[in-house]
Amino acid sequence: GNWGNIWKYLTSRLLESIEIAALQHSEYSYQGKANLHVFQDWCGQSTNDLRKNVHYPLYPHTRTTVSRLAVSPHWKTYGMRIFGYIHPSMAGEYIFAIGSDDNAEFWLSEDESTENLKLMAYVGKTGLEWTAPGEYEKFASQVSQPVHMARYYFEVIHKQSEGPDHVEVAWRPNIEGTTFKVIGSKYISLYKDETDLLMGESAHIPQTVASHEMSMREALRNVKYTVDMVKKDPRDTIFNIPLVNDSYLQNLLPECTYNPSYIFQGTSVGRYNGLHYVQLSSVYPNDFTRQTHVEAEQMCIYQDENTAHGDIKILSICLSRDGFARFMDVNPKEEDWGAEETTFLTTGIVLSCNDVNVMISYLKNSLKNLSCDVATPAPVKENPPQPAEGEEPNVVYEEDALWERVFDVKHTDFQPERTDTWIDLTRIPFVLLPLLSWSLERVLNVERRVDEKLGSRYFLELEIETAKGEHRLLSRYVYVPNSHEEKEEPGPMLCSPQGFSWNPKATVNILIAVRNQARWVVHFINQMEKIYRATKDENFNVVITDHHSDDLDVEKALQKADLPRYQYKRLEGTFEKTVAVQTAIDLVEDDHSIIFLCDLHLHYPLNFIDTIRKHTVEGKMTYAPIVMRLDCGSSHLEPTGFWELAGYGLLGIYKSDMIRIGGMNTKEFKDKWGGEDWDTLDRVVENKLEVERLHLRNFLHFYHTKRGMWNSRIRKPSS
């Protein structure tokens, strides 16, 4: 019966392990090292740039070996190919991960043959992508599917341009609770001992699908590279799940006082200082908004430094990619080959429900707060180096990289840290609630705002199943006071923050001011139609003020549009942006509805209206989503660009709160713009309102110039 099956399984695993051990100790295994071929003086950042090298793959500049699959030679403008065999000491399924700066690929065969290679994991295709050492979750492509391992041939392809350099391949058993570890000498072998071979001898070098340009093109013909952010995520269509009836949630949790310590307590914040009181919330699961191919200095989140500003502390983030050495253990002591197998156990993300179908879920995501010391590279010597002992005089010796320089690195999750903030997630949302006989289906979205003095606010979005088998969305704010966390009591003391809840029925008014922007106005209307058709949300309204456009009948376009409602007002005279926006605000009659100050040149996610509603709380909180500015020529299908961290012109706020802060500053910014968003933010902060700040998936600003916009005119050249 079952015991017989178990015995057969254990016996087969034992036999496989014996075969692996025999191979490892055979005279042909060359165990403990892998072949490394280096191609120097070759610019470019992507692995495909390396394949364009006329010498690749048969005639490298250097042929050497490495003792583990983690290399950092501290060099520039090179590419390298690491190849050989991987053989675990115990047969079974393994998952691989790769990290690198710049691009890299990990290929694995189905056996010892070089003919059966498959691309298992990679960091980027364009040359713009990179990771920190040990960072394996930045891109979805970095982690492989489970592979049943014996002794298999592998290749690592890496391309480096300038700056910090590294590439590492790690693995773990396909067992829950294990973590990635760099593959060390105990588990690798040479493909070929090249010690006695001349550099001109190349017949032994394997030609594979990974290392031949034409073969590579064939292998990737059906692979379309896409940015992870644009891939499907359940949050993008969360509006399709009906909300839990609010009556079921009344008195579910005790109420608790909610008055965050980070809210401004003075009377005047100071000119343009409001942004110093804005914090960024953290998100789970990973929404992949971090890796969007922005400029290198904006991507860096690996160092933080406290600086004082008035009565608060601001956390400034390093604007350099140097300093990876802090994460790396260079030339570590290798494993004892005779020792027992190293464990991969670690604490990670845990998500579970108990046997009695009570919805108690513990969500864990450990983050070690790391800082990096900027390592200044040694200056390049302009004078020829002096002969060292044993070197011939009157001979010029050129410096070379230490290609055999290997390292170890611990698996680190950088996702909770973002470009303009520091998030401490060592205390993770403990979720959730005993809800009658309901059961937890999925954790869709968890957002955390940390108040180090008082506690943490969470926005929880959970898909649950009722006793009748109906799927519902629980979407609400909860609070965990620090006073409870410090007691280390089992489970969190969840409470309902007093007066802090979102209104699912609130109308959202999207406000736009236009003048002679016909193609963008049509684009905007189409985007709003797209949202309405997908969501069937009747509680949103488009409000357009039009400074006598003569390139489009804007009102007629609105009349024809498939929208739940709209308001339109035509203005005369010189275009004045703040006046036009305030006019749109005044058109909204319901003071208890939300207004969102918007822009024409945007791509909107389908959950845009729903997201505004959830993150705007009357009398308590405004919403300033971070938009991604696309590069020239970039589209929403494969967005590349940078996150607009300094801009606050895109703002959601209840009209009653807009009245409270005094509306738009139409006097100072009547005939100019630039700074009006920071001015509005100052008054938001001074009026004790929180600002929710989040990167919003697929919320994109298209590249455009100011040619022909607003009050500018086109001057044709004279004949």
Side-chain angles (χ1 to χ4, degrees), residues 2 140 146 176-177 231-255 283-288 348-365 428-448 457-480 490-497 500-506 508 530-540 564 605-615 697-698:
N2 291 335
E176 185 176 356
K231 296 178 181 178
K232 290 183 179 180
D233 186 292
R235 281 171 288 215
D236 299 338
T237 55
I238 199 170
F239 48 80
N240 286 328
I241 308 174
L243 286 170
V244 172
N245 191 317
D246 194 55
S247 63
Y248 294 139
L249 304 178
Q250 292 180 2
N251 303 319
L252 179 66
L253 295 174
E255 276 200 342
V283 177
Y284 173 86
N286 188 348
D287 60 2
F288 295 106
I349 295 172
V350 179
L351 188 61
S352 62
C353 298
N354 66 14
D355 294 334
V356 295
N357 212 22
V358 175
M359 191 170 68
I360 301 176
S361 194
Y362 298 91
L363 199 80
K364 296 182 180 178
N365 179 10
I428 308 304
F430 296 89
V431 194
L432 262 178
L433 319 163
L435 291 179
L436 303 176
S437 59
W438 298 347
S439 61
L440 175 65
E441 286 295 301
R442 288 188 295 175
V443 176
L444 296 172
N445 185 50
V446 179
E447 298 165 5
R448 185 189 190 195
R457 162 171 59 78
Y458 298 99
F459 180 54
L460 306 173
E461 296 199 278
L462 314 170
E463 184 178 0
I464 63 172
E465 184 177 357
T466 68
K468 298 180 179 179
E470 300 170 327
H471 286 239
R472 293 291 183 265
L473 176 66
L474 189 152
S475 179
R476 66 177 298 167
Y477 289 96
V478 299
Y479 189 63
V480 180
M493 193 283 288
L494 293 179
C495 60
S496 182
F500 199 94
S501 61
W502 68 280
N503 180 5
K505 297 181 180 179
V508 177
K530 175 192 71 175
I531 292 174
Y532 178 55
R533 289 166 182 159
T535 64
K536 306 301 181 185
D537 190 337
E538 297 289 339
N539 293 326
F540 86 88
L606 292 178
N607 62 355
F608 183 64
I609 302 297
D610 195 47
T611 301
I612 295 171
R613 194 178 285 123
K614 290 174 178 175
H615 294 92
R697 283 172 51 86
N698 301 311

Taking only residues two or more places apart in sequence, or in another chain, which ones meet [X] in a side chain to side chain donor-acceptor pair (under 3.5 Å)?
X    : value
R235 : D233, N445
N503 : none
E538 : Y532
N698 : none

Would you name the heavy atoms of [X] and [Y] that are closest together and state the gap between them?
X    : Y    : value
R613 : P504 : CD-O, 3.3 Å
A140 : F288 : N-CE2, 4.1 Å
Y458 : R448 : OH-NE, 3.1 Å
V283 : E447 : CG2-CG, 4.2 Å
N539 : D537 : N-OD1, 2.9 Å

ask   = Does R697 have any salt bridge (Lys or Arg N to Asp or Glu O under 4.0 Å) partners at least two apart in sequence or in another chain, and if so, which?
value =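 Result, salt bridge (Lys or Arg N to Asp or Glu O under 4.0 Å) vs R697: D236.
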key: Non-neighbouring partners of E461 that pass salt bridge (Lys or Arg N to Asp or Glu O under 4.0 Å), sequence neighbours left out   =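 With sequence neighbours excluded, E461 shows a salt bridge (Lys or Arg N to Asp or Glu O under 4.0 Å) to K614, given in chain and number order.
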Heavy-atom check, side chain of Y284 versus side chain of V443, under 4.5 Å =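 In short, these two side chains touch, coming nearer than 4.5 Å.
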Check: I241 and L444 side chains under 4.5 Å, non-hydrogen atoms =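 Yes. Closest side-chain heavy atoms under 4.5 Å.
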Rounded distance [0.5 Å steps], [atom1] in [X] versus [atom2] in [Y]:
X    : Y    : atom1 : atom2 : result
E470 : I464 : CD    : CD1   : 10.0 Å
E463 : E441 : CD    : CD    : 6.0 Å
D610 : L243 : CG    : CG    : 7.5 Å
L474 : L460 : CG    : CG    : 7.5 Å

inquiry  = Does L473 form a side chain to side chain contact (heavy atoms under 4.5 Å, CB included) with I238? I'd like the steps, not just the answer.
reply    = CA-CA 8 Å; L473 176 66; I238 199 170; 3.9 Å; yes
Qualifying residues under ring pair (Phe, Tyr, Trp, His ring centres under 6.0 Å), relative to Y479, sequence neighbours excluded =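 So Y479 forms a ring pair (Phe, Tyr, Trp, His ring centres under 6.0 Å) with Y258.
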query = Of all residues at least two apart in sequence or in a different chain, which pass the ring pair (Phe, Tyr, Trp, His ring centres under 6.0 Å) check with F239?
reply =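 By the ring pair (Phe, Tyr, Trp, His ring centres under 6.0 Å) rule, F239 matches no residue at all.
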inquiry  = For K232, give me all partners under side chain to side chain contact (heavy atoms under 4.5 Å, CB included), at least two apart in sequence or on another chain.
reply    =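 With neighbours one apart ignored, the set is empty.
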task = Any chance you could lay out the side chain to side chain contact (heavy atoms under 4.5 Å, CB included) test for T535 and I609, step after step, and finish with the verdict?
result = CA-CA 9 Å; T535 64; I609 302 297; over 6 Å; no
